[in-house]
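So you know, we letter chains A, B, ... as the sequences are listed, proteins then strands, and number each from 1. Computed from a prediction, not measured in an experiment: that's the story for all the values here.
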Amino acid sequence: MTEEPATEKKRNPIVPFLRVPEDPKQEPYLWGSKCKACGSVFLGERIACGKCGDTEPLEEIHLSGDGEIYVFSVVYQTVPGLDAPYVAAIIDLPEGVSIRGNVYGLDPEKPSPEWFGKKVKMYTEKVRTDREGNDVIAAKFRVLN
Amino acid sequence: MRDVAMVGGNMIKFGRYPDKDVVQLAADATIGALKDAGISINEVEMVASGNLYQSNAMIGQRIMKEIGATGVPVVNVANACATGSTAFREAYLAIASGMYDVALAIGSEQMGKMGLLGAGGGNRDYSTEGVMGTGLMPGVFGQAGVEHMRKYGTKMEHFAKISVKNHKHSVHNPYAQYRKETPLEDVMNARMIAWPNTLLMCCPTGDGAAAAVLMSAEKARQYTTNPVWVAASALTSDPWQERNPTMFDVNTVTRNAAKQAYDQAGLGPEDLTQVELHDCFATAELIHYENLGLCGDGEAGEFIDRGDPCVGGRIPVNASGGLLSKGHPLGATGVANIVEIMWHLRGQAGKRQVENSKVGLAHVIGLGSACTIHIIKK
Ligand SMILES: [Zn+2]
């Protein structure tokens, strides 16, 4: 009797600018590209600089995942199968690029100007299983107190 | 560049037409515009057709097969919500360049029951929507309004008052899908869609069509003694901005288009007698008061508090009731708001008429982004 080798279930990032190391002991992280000419930072990989048009290969950089809320909305009506309401923010990262993110640790029923500039920290979470059975990993944010 | 006259225009009432197809809707609007201009399809030398969902299916040519396939050049235009106004601009450029003397711009869309969120699609397993923030319109325009709150302390009530104003205007517009006044309490307490926009602060979807006939000055004289003129046609895309594309930038693209349009017309915001601007959400209208220079930066809250943008106020904005009342059939929107201005300039706007209107500005944003501004004058 021979047994079929179990296909390895993978942990796939939901977006290309989130990197999930194969070694589960290593933390997933956000990454981006920095223009060598003008210093602009972009999420993930780029062919050229979207600000100055420079075509020298951009430098890959590690993004810290420590950011602050620039603005937000609280989304009540969303696509089927998602929990609502949720806080959908634009988060400024210290490396000079912004990212969209759900923020947890705030009361969605009480949106407030006090949320502007709040410090948040990235964490990752499995959000669903894809059709091949792999885990889909997303970056989320929680408020730092 | 030559002067361009707008000699005819028409639209159908926006709403739901489940028993008609979009070609019939567009044909209906177009035949009306041709009649208004006093010409037939045989005089038209080029056609620009704006339709977002059907531009990959030759809708412009299908409309011509319905109303008279004369073999003239037809271009199909898609530019998000600015689709119709970009088609108008193509027709404008065709005349201004000297290449043609009579051009037709058509905008049409059949949205069905698509709803605010639009159709899903792609690989849902890797969709970031609602998992890593939002990219759908209600949340995006919620954030755009919240940015104004952050900068200037604007309150939800300021945005809600815009919805009250536009719905009040809509009562007198027979072309609007919804014609019901909504008191402030109703707007504030309606079901929340994406804070701070409640259901009554979001434009409904719907079907619609509009058309415009443009001519060179010489040609226009054969048909009318009293055309209106396209004093400016500006189109911009969004320049680099530090948070874009994570956060769509609807401000810079509008400010750049406004500057171009005012320069081209040799006019300023103080010369305008009315504005039809892109109120896809109440939050959008408020930020565009400043982007178009109707008031100073940070003053939009007081501007609406004072009633300046009401019909009868200092500079009426969305006398038609805006997209919040008319609905927003994507490809039709940009042509329809220019036709609305034309009617006011001619004194044909019925009970919603802006008295003695002489110079109107029509503004449209397509997220992603495209901004068109047309200034139409007597
Ligand atoms: Zn650069």
Side-chain angles (χ1 to χ4, degrees), chain A residues 12-16 18 38 40-43 49-53 69-93 96-103 108-109 111-113 115-117 125 127-132 134 136 138-141, chain B residues 115-156 159 190-199 201-202 238-249 281 283 287:
Chain A
N12 291 338
I14 195 166
V15 287
L18 176 66
C38 76
S40 296
V41 178
F42 304 88
L43 297 173
C49 176
K51 181 183 184 187
C52 72
I69 295 176
Y70 175 58
V71 293
F72 58 88
S73 176
V74 183
V75 177
Y76 283 72
Q77 180 166 322
T78 184
V79 291
L82 290 175
D83 288 336
Y86 67 90
V87 177
I90 302 293
I91 294 155
D92 291 345
L93 299 177
V97 67
S98 304
I99 183 173
R100 293 178 191 165
N102 284 21
V103 176
E109 304 285 348
S112 161
W115 296 1
F116 298 132
E125 190 175 88
V127 290
R128 53 180 86 95
T129 304
D130 75 10
R131 61 201 66 175
E132 276 124 43
N134 303 305
V136 178
K140 296 189 168 186
F141 292 84
Chain B
L116 272 178
L117 300 177
N123 185 350
R124 294 283 285 277
D125 290 348
Y126 289 86
S127 165
T128 56
E129 185 57 36
V131 173
M132 288 182 61
T134 186
L136 296 179
M137 298 303 107
V140 164
F141 280 95
Q143 291 168 346
V146 170
E147 185 179 41
H148 199 273
M149 290 175 154
R150 176 173 182 151
K151 283 184 178 161
Y152 304 115
T154 317
K155 300 278 186 275
M156 182 180 163
F159 302 117
R191 183 162 62 84
M192 188 59 74
I193 301 295
W195 192 82
N197 286 318
T198 66
L199 182 66
M201 295 157 77
C202 303
D238 46 341
W240 183 88
Q241 195 269 349
E242 58 182 344
R243 292 188 184 86
N244 188 359
T246 291
M247 180 179 178
F248 293 110
D249 175 13
F281 296 87
T283 47
I287 62 182

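With a 4.5 Å cut-off on non-hydrogen atoms, A/L43 touches chain B through its side chain but not through its backbone. For chain A, no part of B/P239 is nearby; none of its heavy atoms comes within less than 4.5 Å. For A/P13, the part lying under 4.5 angstrom from a heavy atom of chain B is the backbone only. For A/K51, the parts lying near chain B are the backbone and the side chain together; criterion is any non-hydrogen pair under 4.5 Å. If you measure heavy-atom distances from A/I69 to chain B, the contacts under 4.5 Å come from the backbone alone.
A pairwise comparison of heavy atoms in B/G139 and A/S73 identifies O-CB, 3.7 Å as the closest pair. In this structure, A/S98 and B/T246 approach most closely via the heavy-atom pair O-OG1, 2.8 Å. In this structure, A/L82 and B/G130 approach most closely via the heavy-atom pair CD1-CA, 3.7 Å. Across every non-hydrogen atom of B/R150 and A/V71, the tightest pair is CD-CG1, 4.5 Å. A pairwise comparison of heavy atoms in B/W240 and A/S40 identifies CZ2-OG, 3.8 Å as the closest pair.
The backbone N or O of B/R124 lies less than 3.5 Å from a partner atom in the side chain of A/R128, making a donor-acceptor pair. Formation of a donor-acceptor pair under 3.5 Å by the A/R131 side chain with backbone atoms of B/D125 is not found in this model. For the pair B/T134 (side chain) and A/A88 (backbone), a donor-acceptor distance under 3.5 Å is absent.
For B/T154, the side-chain contact (heavy atoms from CB on, under 4.5 Å) test picks out B/H148, B/M149, B/Y152, B/H158, B/F159, B/L286, with sequence neighbours left out. Remark: A/F72 pairs with A/W115, A/F116, B/W195 by the ring pair (Phe, Tyr, Trp, His ring centres under 6.0 Å) rule, at least two apart or across chains.
Residues A/D92 and B/R243 meet the side-chain proximity criterion, which asks for heavy atoms closer than 4.5 Å. By the 4.5 Å heavy-atom criterion applied to side chains, B/L136 and A/V79 are counted as neighbours. Contact check for A/V74 versus B/M192: no side-chain heavy atoms found under the 4.5 Å cut-off. Here the side chains of B/Q143 and A/Y70 are not in contact, with every heavy-atom distance at 4.5 Å or above.
Of all the listed residues (A/T129, A/I90, A/V75), the one sharing the greatest number of non-hydrogen pairs under 4.5 Å with chain B is A/I90. Counting heavy-atom pairs under 4.5 Å between each of A/A139, A/G50, A/P113 and chain B puts A/A139 at the top.
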